[in-house]
**Student:** 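Before I ask anything, let me first share the structure, which is written out below as C-alpha coordinates.
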Amino acid sequence: MTGYEAVKKVINEVKKVIVGKDEVIFQVMTAMIADGHILIDDIPGVGKTSLALSFSKAMALDYNRVQFTPDVLPSDVTGFTMLNKKTNEFEFKKGAIMCNLFLADEINRTSSKTQSALLEAMEEGNVTVDSVTYKLPSPFNVIATQNPVGSIGTHMLPESQLDRFMFCVSMGYPNVRDEAVMLKEKFCKNPLDEVRPIIDSKGFGIIKKEVRKVYISDEIYEYIAKIADISRNKSEIELGISPRGSVAIMKASQASAYARGRDYVIPEDVNEVLYPCARHRIILNARAKTSGLSMDKVISNICREAAAK
(Lines give C-alpha, C1' and ligand atoms only; values in the text may rest on other atoms or scores of the structure.)
Protein backbone atom coordinates (compact mmCIF):
# COMPACT_ATOMS: atom_id res chain seq x y z
CA MET A 1 0.00 0.00 0.00
CA THR A 2 1.43 3.35 -1.06
CA GLY A 3 1.41 6.40 1.19
CA TYR A 4 -1.20 8.06 -1.03
CA GLU A 5 -3.49 5.03 -0.74
CA ALA A 6 -2.99 4.96 3.04
CA VAL A 7 -3.97 8.63 3.31
CA LYS A 8 -7.16 8.00 1.33
CA LYS A 9 -8.06 5.03 3.50
CA VAL A 10 -7.45 6.96 6.74
CA ILE A 11 -9.73 9.72 5.49
CA ASN A 12 -12.44 7.16 4.66
CA GLU A 13 -12.19 5.68 8.16
CA VAL A 14 -12.64 9.13 9.75
CA LYS A 15 -15.68 9.72 7.53
CA LYS A 16 -17.39 6.82 9.32
CA VAL A 17 -17.57 9.06 12.40
CA ILE A 18 -17.64 12.62 11.03
CA VAL A 19 -20.49 12.92 8.54
CA GLY A 20 -20.67 15.65 5.90
CA LYS A 21 -17.42 17.39 6.79
CA ASP A 22 -15.17 16.02 4.04
CA GLU A 23 -13.32 19.30 3.50
CA VAL A 24 -12.45 19.64 7.20
CA ILE A 25 -11.29 16.00 7.37
CA PHE A 26 -9.06 16.54 4.31
CA GLN A 27 -7.62 19.73 5.83
CA VAL A 28 -6.79 18.03 9.13
CA MET A 29 -5.19 15.09 7.28
CA THR A 30 -3.19 17.54 5.14
CA ALA A 31 -1.85 19.41 8.18
CA MET A 32 -0.95 16.20 10.00
CA ILE A 33 1.09 14.68 7.14
CA ALA A 34 2.73 18.11 6.70
CA ASP A 35 3.96 17.74 10.30
CA GLY A 36 1.73 20.59 11.43
CA HIS A 37 -0.61 21.29 14.33
CA ILE A 38 -4.31 22.07 13.99
CA LEU A 39 -6.56 24.51 15.84
CA ILE A 40 -10.30 23.82 15.59
CA ASP A 41 -12.20 27.00 16.43
CA ASP A 42 -15.87 26.25 16.94
CA ILE A 43 -18.74 26.03 19.38
CA PRO A 44 -19.05 23.00 21.71
CA GLY A 45 -20.76 19.85 20.51
CA VAL A 46 -19.99 19.81 16.78
CA GLY A 47 -17.59 16.84 16.88
CA LYS A 48 -14.16 18.37 17.46
CA THR A 49 -13.07 15.72 19.98
CA SER A 50 -14.57 12.89 17.92
CA LEU A 51 -12.55 14.09 14.93
CA ALA A 52 -9.28 13.85 16.87
CA LEU A 53 -10.21 10.45 18.30
CA SER A 54 -11.05 9.13 14.84
CA PHE A 55 -7.64 10.09 13.47
CA SER A 56 -5.86 8.56 16.46
CA LYS A 57 -7.67 5.25 15.90
CA ALA A 58 -7.28 5.21 12.12
CA MET A 59 -3.52 5.70 12.49
CA ALA A 60 -3.06 3.67 15.69
CA LEU A 61 -1.43 6.63 17.42
CA ASP A 62 -0.64 6.93 21.11
CA TYR A 63 -3.23 9.54 22.11
CA ASN A 64 -3.73 11.73 25.18
CA ARG A 65 -6.35 14.36 25.92
CA VAL A 66 -6.37 17.20 28.43
CA GLN A 67 -9.54 19.15 29.15
CA PHE A 68 -8.14 22.64 29.73
CA THR A 69 -9.70 24.53 32.62
CA PRO A 70 -8.37 27.47 34.68
CA ASP A 71 -6.85 25.12 37.28
CA VAL A 72 -4.76 23.04 34.84
CA LEU A 73 -1.05 23.59 35.52
CA PRO A 74 1.87 23.55 33.04
CA SER A 75 3.25 20.48 34.83
CA ASP A 76 0.02 18.61 34.00
CA VAL A 77 0.98 19.02 30.35
CA THR A 78 4.77 18.75 30.29
CA GLY A 79 5.41 16.55 33.35
CA PHE A 80 7.34 17.13 36.56
CA THR A 81 10.20 15.76 38.67
CA MET A 82 9.66 14.29 42.10
CA LEU A 83 11.84 12.67 44.74
CA ASN A 84 11.86 8.87 44.84
CA LYS A 85 12.27 8.12 48.54
CA LYS A 86 13.54 4.60 47.82
CA THR A 87 16.45 5.68 45.61
CA ASN A 88 16.75 9.21 47.04
CA GLU A 89 16.90 10.52 43.48
CA PHE A 90 14.65 12.81 41.48
CA GLU A 91 12.63 11.10 38.75
CA PHE A 92 10.80 12.59 35.78
CA LYS A 93 7.08 11.84 35.63
CA LYS A 94 5.77 12.18 32.08
CA GLY A 95 3.05 14.70 31.34
CA ALA A 96 0.09 14.16 29.05
CA ILE A 97 1.95 15.64 26.08
CA MET A 98 4.26 12.61 25.88
CA CYS A 99 2.32 10.94 23.05
CA ASN A 100 1.93 10.93 19.27
CA LEU A 101 -1.34 12.86 19.14
CA PHE A 102 -2.18 15.35 21.87
CA LEU A 103 -5.67 16.83 22.08
CA ALA A 104 -5.72 20.15 23.90
CA ASP A 105 -9.45 20.48 24.46
CA GLU A 106 -10.79 24.04 24.90
CA ILE A 107 -7.27 25.45 25.06
CA ASN A 108 -8.48 29.02 25.46
CA ARG A 109 -10.19 28.26 28.77
CA THR A 110 -6.90 27.84 30.63
CA SER A 111 -4.35 30.42 31.79
CA SER A 112 -1.70 31.97 29.55
CA LYS A 113 0.99 30.25 31.63
CA THR A 114 -0.44 26.82 30.87
CA GLN A 115 -1.01 27.69 27.22
CA SER A 116 2.67 28.65 26.92
CA ALA A 117 3.69 25.18 28.13
CA LEU A 118 2.84 23.98 24.62
CA LEU A 119 5.09 26.43 22.76
CA GLU A 120 8.37 24.52 22.97
CA ALA A 121 6.65 21.20 22.25
CA MET A 122 4.88 22.50 19.15
CA GLU A 123 7.92 24.27 17.71
CA GLU A 124 10.82 22.00 18.65
CA GLY A 125 9.31 18.66 19.64
CA ASN A 126 10.79 18.90 23.16
CA VAL A 127 9.74 19.77 26.68
CA THR A 128 12.07 21.24 29.28
CA VAL A 129 11.39 20.46 32.94
CA ASP A 130 13.71 21.68 35.70
CA SER A 131 16.40 22.60 33.11
CA VAL A 132 16.37 19.10 31.58
CA THR A 133 15.10 18.70 27.99
CA TYR A 134 13.10 15.62 27.03
CA LYS A 135 12.37 14.58 23.44
CA LEU A 136 8.74 14.00 22.52
CA PRO A 137 7.70 10.80 20.73
CA SER A 138 7.86 10.87 16.95
CA PRO A 139 5.62 11.50 15.12
CA PHE A 140 3.99 14.23 17.21
CA ASN A 141 0.96 16.37 16.41
CA VAL A 142 -1.31 18.65 18.43
CA ILE A 143 -5.00 19.08 17.72
CA ALA A 144 -6.34 21.91 19.88
CA THR A 145 -9.92 23.09 20.14
CA GLN A 146 -11.13 26.45 21.30
CA ASN A 147 -14.50 28.02 21.93
CA PRO A 148 -15.28 31.25 20.08
CA VAL A 149 -13.59 34.28 21.65
CA GLY A 150 -16.03 36.02 23.97
CA SER A 151 -17.53 32.81 25.33
CA ILE A 152 -17.69 32.63 29.11
CA GLY A 153 -14.33 31.77 30.67
CA THR A 154 -12.22 32.06 27.52
CA HIS A 155 -8.83 33.75 27.13
CA MET A 156 -7.69 34.89 23.69
CA LEU A 157 -4.62 33.01 22.47
CA PRO A 158 -1.59 35.24 21.86
CA GLU A 159 -0.24 35.66 18.31
CA SER A 160 2.89 33.64 19.20
CA GLN A 161 0.70 30.67 20.12
CA LEU A 162 -1.62 30.98 17.13
CA ASP A 163 1.32 31.19 14.73
CA ARG A 164 2.48 27.71 15.79
CA PHE A 165 -0.70 26.14 14.47
CA MET A 166 -0.37 25.27 10.79
CA PHE A 167 -4.14 25.28 10.19
CA CYS A 168 -7.14 26.86 11.85
CA VAL A 169 -10.39 25.21 10.77
CA SER A 170 -14.04 25.36 11.74
CA MET A 171 -16.48 22.45 11.52
CA GLY A 172 -19.82 24.23 11.80
CA TYR A 173 -23.25 22.67 12.15
CA PRO A 174 -24.19 19.72 9.93
CA ASN A 175 -27.00 20.12 7.43
CA VAL A 176 -30.34 18.39 8.03
CA ARG A 177 -29.55 15.35 5.89
CA ASP A 178 -26.12 14.75 7.45
CA GLU A 179 -27.45 15.24 10.97
CA ALA A 180 -30.20 12.70 10.33
CA VAL A 181 -27.59 10.17 9.15
CA MET A 182 -25.48 10.88 12.24
CA LEU A 183 -28.45 10.39 14.58
CA LYS A 184 -29.36 7.07 12.94
CA GLU A 185 -25.77 5.78 13.24
CA LYS A 186 -25.46 6.93 16.86
CA PHE A 187 -28.72 5.19 17.73
CA CYS A 188 -27.52 1.80 16.45
CA LYS A 189 -23.89 1.88 17.58
CA ASN A 190 -20.89 4.04 18.42
CA PRO A 191 -19.27 4.92 15.07
CA LEU A 192 -15.86 5.19 16.76
CA ASP A 193 -15.97 1.44 17.37
CA GLU A 194 -16.13 0.93 13.59
CA VAL A 195 -12.87 2.79 12.88
CA ARG A 196 -10.08 0.36 12.05
CA PRO A 197 -6.34 1.14 12.04
CA ILE A 198 -4.90 1.66 8.56
CA ILE A 199 -1.32 2.55 9.48
CA ASP A 200 0.70 2.84 12.68
CA SER A 201 2.99 5.58 14.01
CA LYS A 202 5.92 4.19 12.01
CA GLY A 203 3.95 4.26 8.77
CA PHE A 204 2.71 7.75 9.58
CA GLY A 205 6.32 8.89 10.06
CA ILE A 206 7.29 7.44 6.66
CA ILE A 207 4.44 9.34 4.98
CA LYS A 208 5.63 12.59 6.58
CA LYS A 209 9.11 12.02 5.12
CA GLU A 210 7.64 11.32 1.67
CA VAL A 211 5.64 14.55 1.81
CA ARG A 212 8.84 16.55 2.33
CA LYS A 213 10.15 15.16 -1.00
CA VAL A 214 7.26 16.59 -3.05
CA TYR A 215 8.78 18.91 -5.67
CA ILE A 216 8.33 22.68 -5.47
CA SER A 217 9.39 24.85 -8.41
CA ASP A 218 11.02 28.27 -8.10
CA GLU A 219 7.81 29.83 -9.41
CA ILE A 220 5.84 28.32 -6.51
CA TYR A 221 8.39 29.54 -3.95
CA GLU A 222 8.08 33.02 -5.43
CA TYR A 223 4.29 32.81 -5.46
CA ILE A 224 4.21 31.99 -1.74
CA ALA A 225 6.66 34.81 -0.99
CA LYS A 226 4.48 37.26 -2.96
CA ILE A 227 1.41 36.22 -0.97
CA ALA A 228 3.21 36.82 2.32
CA ASP A 229 4.57 40.19 1.15
CA ILE A 230 1.18 41.42 -0.04
CA SER A 231 -0.41 40.43 3.28
CA ARG A 232 2.13 42.61 5.12
CA ASN A 233 1.47 45.69 3.00
CA LYS A 234 -2.29 45.84 2.50
CA SER A 235 -3.98 48.84 4.06
CA GLU A 236 -6.76 46.79 5.69
CA ILE A 237 -4.36 44.38 7.42
CA GLU A 238 -2.77 45.16 10.78
CA LEU A 239 -0.66 41.98 11.02
CA GLY A 240 0.32 39.93 7.97
CA ILE A 241 1.68 36.43 7.41
CA SER A 242 4.95 35.78 9.26
CA PRO A 243 7.93 33.88 7.80
CA ARG A 244 6.79 30.92 9.93
CA GLY A 245 3.45 31.24 8.19
CA SER A 246 5.16 31.15 4.77
CA VAL A 247 6.92 27.92 5.74
CA ALA A 248 3.57 26.50 6.88
CA ILE A 249 1.99 27.36 3.50
CA MET A 250 4.91 25.68 1.70
CA LYS A 251 4.73 22.47 3.76
CA ALA A 252 0.93 22.33 3.57
CA SER A 253 1.08 22.77 -0.22
CA GLN A 254 3.37 19.74 -0.45
CA ALA A 255 0.95 17.73 1.71
CA SER A 256 -2.05 18.81 -0.36
CA ALA A 257 -0.32 17.68 -3.56
CA TYR A 258 0.66 14.37 -1.93
CA ALA A 259 -2.86 13.73 -0.65
CA ARG A 260 -4.13 14.19 -4.22
CA GLY A 261 -1.62 11.75 -5.67
CA ARG A 262 0.90 14.21 -7.12
CA ASP A 263 4.65 14.51 -6.47
CA TYR A 264 4.79 18.21 -7.39
CA VAL A 265 3.03 21.37 -6.17
CA ILE A 266 0.81 23.53 -8.37
CA PRO A 267 -0.61 27.01 -7.61
CA GLU A 268 -4.01 25.50 -6.80
CA ASP A 269 -2.42 23.62 -3.89
CA VAL A 270 -1.13 26.90 -2.49
CA ASN A 271 -4.50 28.61 -2.94
CA GLU A 272 -6.32 25.73 -1.26
CA VAL A 273 -4.16 25.65 1.89
CA LEU A 274 -3.85 29.43 2.15
CA TYR A 275 -7.26 29.88 3.78
CA PRO A 276 -6.75 27.56 6.79
CA CYS A 277 -3.09 28.67 6.97
CA ALA A 278 -3.78 32.40 7.01
CA ARG A 279 -7.12 32.89 8.79
CA HIS A 280 -5.58 32.85 12.26
CA ARG A 281 -2.40 34.69 11.29
CA ILE A 282 -3.81 37.74 9.54
CA ILE A 283 -5.30 40.42 11.78
CA LEU A 284 -7.59 42.97 10.14
CA ASN A 285 -7.51 46.57 11.34
CA ALA A 286 -10.49 48.39 12.81
CA ARG A 287 -11.45 50.03 9.53
CA ALA A 288 -11.70 46.69 7.74
CA LYS A 289 -13.79 45.22 10.55
CA THR A 290 -16.23 48.11 10.66
CA SER A 291 -16.65 48.03 6.89
CA GLY A 292 -17.72 44.39 7.11
CA LEU A 293 -14.78 43.04 5.11
CA SER A 294 -14.52 39.28 5.69
CA MET A 295 -11.25 37.42 6.24
CA ASP A 296 -11.92 35.05 3.34
CA LYS A 297 -12.51 38.00 1.01
CA VAL A 298 -9.19 39.56 2.05
CA ILE A 299 -7.36 36.27 1.44
CA SER A 300 -9.06 35.90 -1.94
CA ASN A 301 -7.86 39.39 -2.91
CA ILE A 302 -4.32 38.50 -1.83
CA CYS A 303 -4.36 35.39 -4.06
CA ARG A 304 -5.58 37.41 -7.02
CA GLU A 305 -2.92 40.12 -6.58
CA ALA A 306 -0.13 37.56 -6.16
CA ALA A 307 -1.18 35.69 -9.32
CA ALA A 308 -1.28 38.96 -11.31
CA LYS A 309 2.26 40.05 -10.32
Side-chain angles (χ1 to χ4, degrees), residues 3-4 7-8 11 21-41 159 162-172 207-208 210-309:
Y4 165 65
V7 166
K8 285 205 306 182
I11 288 173
K21 299 297 177 182
D22 294 0
E23 183 180 5
V24 174
I25 293 170
F26 183 83
Q27 288 175 341
V28 172
M29 184 82 258
T30 298
M32 290 184 72
I33 64 175
D35 203 22
H37 309 295
I38 305 102
L39 178 66
I40 307 176
D41 183 6
E159 286 81 4
L162 288 171
D163 204 32
R164 282 169 168 79
F165 288 102
M166 178 174 282
F167 277 7
C168 179
V169 301
S170 179
M171 297 185 69
I207 289 174
K208 283 187 175 185
E210 290 178 350
V211 167
R212 298 295 294 125
K213 296 176 183 177
V214 172
Y215 176 72
I216 303 178
S217 67
D218 290 343
E219 290 78 10
I220 295 295
Y221 284 125
E222 187 173 351
Y223 182 50
I224 295 172
K226 285 178 181 177
I227 287 172
D229 182 67
I230 292 169
S231 75
R232 298 164 192 162
N233 294 286
K234 287 189 76 67
S235 60
E236 63 266 33
I237 295 178
E238 185 175 313
L239 182 67
I241 298 171
S242 68
R244 185 190 283 123
S246 300
V247 173
I249 295 169
M250 177 193 71
K251 289 182 177 180
S253 299
Q254 288 178 296
S256 177
Y258 184 91
R260 297 189 184 283
R262 277 184 278 104
D263 61 357
Y264 58 92
V265 175
I266 60 176
E268 285 75 11
D269 294 317
V270 178
N271 295 343
E272 183 178 51
V273 304
L274 181 59
Y275 290 86
C277 260
R279 283 193 191 108
H280 58 301
R281 290 184 166 94
I282 293 176
I283 296 179
L284 302 181
N285 59 27
R287 186 177 63 181
K289 292 176 182 177
T290 54
S291 65
L293 193 62
S294 70
M295 181 65 73
D296 284 359
K297 179 63 176 176
V298 170
I299 295 173
S300 176
N301 292 340
I302 291 172
C303 280
R304 188 166 56 251
E305 287 183 38
K309 279 194 173 184

**Student:** Kindly write out the residues that satisfy salt bridge (charged side-chain N to carboxylate O under 4.0 Å, His left out) with D22, not counting sequence neighbours, or none if the list is empty.
**Tutor:**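 Here the qualifying residues are K15.
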
**Student:** Please identify each residue that fulfils side-chain hydrogen bond (donor to acceptor under 3.5 Å, both in side chains) with S170, with sequence neighbours left out.
**Tutor:**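 Counting only residues at least two positions away or on another chain, S170 forms a side-chain hydrogen bond (donor to acceptor under 3.5 Å, both in side chains) with D42.
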
**Student:** Quick one: side chain to side chain contact (heavy atoms under 4.5 Å, CB included) partners of E305, sequence neighbours excluded?
**Tutor:**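 By the side chain to side chain contact (heavy atoms under 4.5 Å, CB included) rule, E305 matches I230, K234.
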
**Student:** I266: what forms a side chain to side chain contact (heavy atoms under 4.5 Å, CB included) with it, not counting sequence neighbours?
**Tutor:**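 For I266 the side chain to side chain contact (heavy atoms under 4.5 Å, CB included) partners, ignoring immediate neighbours, are R262, Y264, E268, D269.
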
**Student:** Does D35 have any side-chain hydrogen bond (donor to acceptor under 3.5 Å, both in side chains) partners at least two apart in sequence or in another chain, and if so, which?
**Tutor:**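 D35: side-chain hydrogen bond (donor to acceptor under 3.5 Å, both in side chains) contacts with K208.
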
**Student:** With distance as the sole test, does E236 use its side chain to make a donor-acceptor pair with the main-chain N or O of A288 at under 3.5 Å?
**Tutor:**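 Absent.
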
**Student:** Would you please test K213 and Q254 for side-chain contact (heavy atoms from CB on, under 4.5 Å) and show each step?
**Tutor:** CA-CA 8 Å; K213 296 176 183 177; Q254 288 178 296; over 6 Å; no

**Student:** Judged by atom type as modelled, is there a donor-acceptor pair below 3.5 Å linking the side chain of S256 to the main-chain atoms of A252?
**Tutor:**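 No.
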
**Student:** Please name the pair of heavy atoms, one in R260 and one in F26, separated by the smallest distance, quoted to 0.1 Å.
**Tutor:**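 Smallest interatomic distance, heavy atoms only, reads NH2-CE2, 3.5 Å.
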
**Student:** On a heavy-atom basis, which atom in L284 and which in L293 lie closest, and how many Å separate them?
**Tutor:**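 Heavy atoms only, the tightest pair is CD1-O, 3.6 Å.
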
**Student:** Measure across Y258 and G3 and return the closest heavy-atom pair with its distance rounded to 0.1 Å.
**Tutor:**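 For Y258 and G3, the tightest heavy-atom pair comes out as OH-CA, 3.0 Å.
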
**Student:** For A278, check side chain to side chain contact (heavy atoms under 4.5 Å, CB included) against everything at least two apart and list the hits.
**Tutor:**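 Partners of A278 by the side chain to side chain contact (heavy atoms under 4.5 Å, CB included) criterion, ordered by chain and then number, come out as I241, L274, I282, I299.
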
**Student:** What salt bridge (charged side-chain N to carboxylate O under 4.0 Å, His left out) pairs are there with at least one residue in residues 285-297, not counting sequence neighbours?
**Tutor:**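 Applying salt bridge (charged side-chain N to carboxylate O under 4.0 Å, His left out) to every pair that reaches into residues 285-297, excluding sequence neighbours, yields R279-D296.
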
**Student:** Suppose we screen for side-chain hydrogen bond (donor to acceptor under 3.5 Å, both in side chains). Which residues come up paired with S294, at least two apart in sequence or across chains?
**Tutor:**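 Partners of S294 under the side-chain hydrogen bond (donor to acceptor under 3.5 Å, both in side chains) test: none.
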
**Student:** If you take all heavy atoms of S253 and V273, which pair is closest and at what distance?
**Tutor:**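 Here S253 and V273 meet closest at OG-CG2, 3.6 Å.
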
**Student:** Going by side chain to side chain contact (heavy atoms under 4.5 Å, CB included), name the residues that satisfy it together with E159, two or more places apart in sequence or in a different chain.
**Tutor:**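 Here the qualifying residues are L239, I283.
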
**Student:** To the closest 0.5 Å, what do you measure between CE (M295) and CD1 (I237)?
**Tutor:**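 Atom-to-atom, M295:CE and I237:CD1 are 7.5 Å apart.
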
**Student:** If you compare all heavy atoms of H280 against all heavy atoms of F167, which two are closest, and at what distance to 0.1 Å?
**Tutor:**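 Closest pair (atom of H280, atom of F167, distance): CE1-C, 3.9 Å.
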
**Student:** Do D263 and Y4 get their side chains close enough for a donor-acceptor pair, meaning under 3.5 Å?
**Tutor:**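 Not at all, the side chains of D263 and Y4 share no donor-acceptor pair under 3.5 Å.
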
**Student:** Going by side-chain hydrogen bond (donor to acceptor under 3.5 Å, both in side chains), name the residues that satisfy it together with N233, two or more places apart in sequence or in a different chain.
**Tutor:**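 Result, side-chain hydrogen bond (donor to acceptor under 3.5 Å, both in side chains) vs N233: D229.
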
**Student:** Can you name the salt bridge (charged side-chain N to carboxylate O under 4.0 Å, His left out) partners of R244, sequence neighbours left out?
**Tutor:**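 Checked R244 against salt bridge (charged side-chain N to carboxylate O under 4.0 Å, His left out); matches are E123, D163.
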
**Student:** Tell me, please, which residues at least two apart from K21 pass salt bridge (charged side-chain N to carboxylate O under 4.0 Å, His left out).
**Tutor:**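 By the salt bridge (charged side-chain N to carboxylate O under 4.0 Å, His left out) rule, K21 matches no residue at all.
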
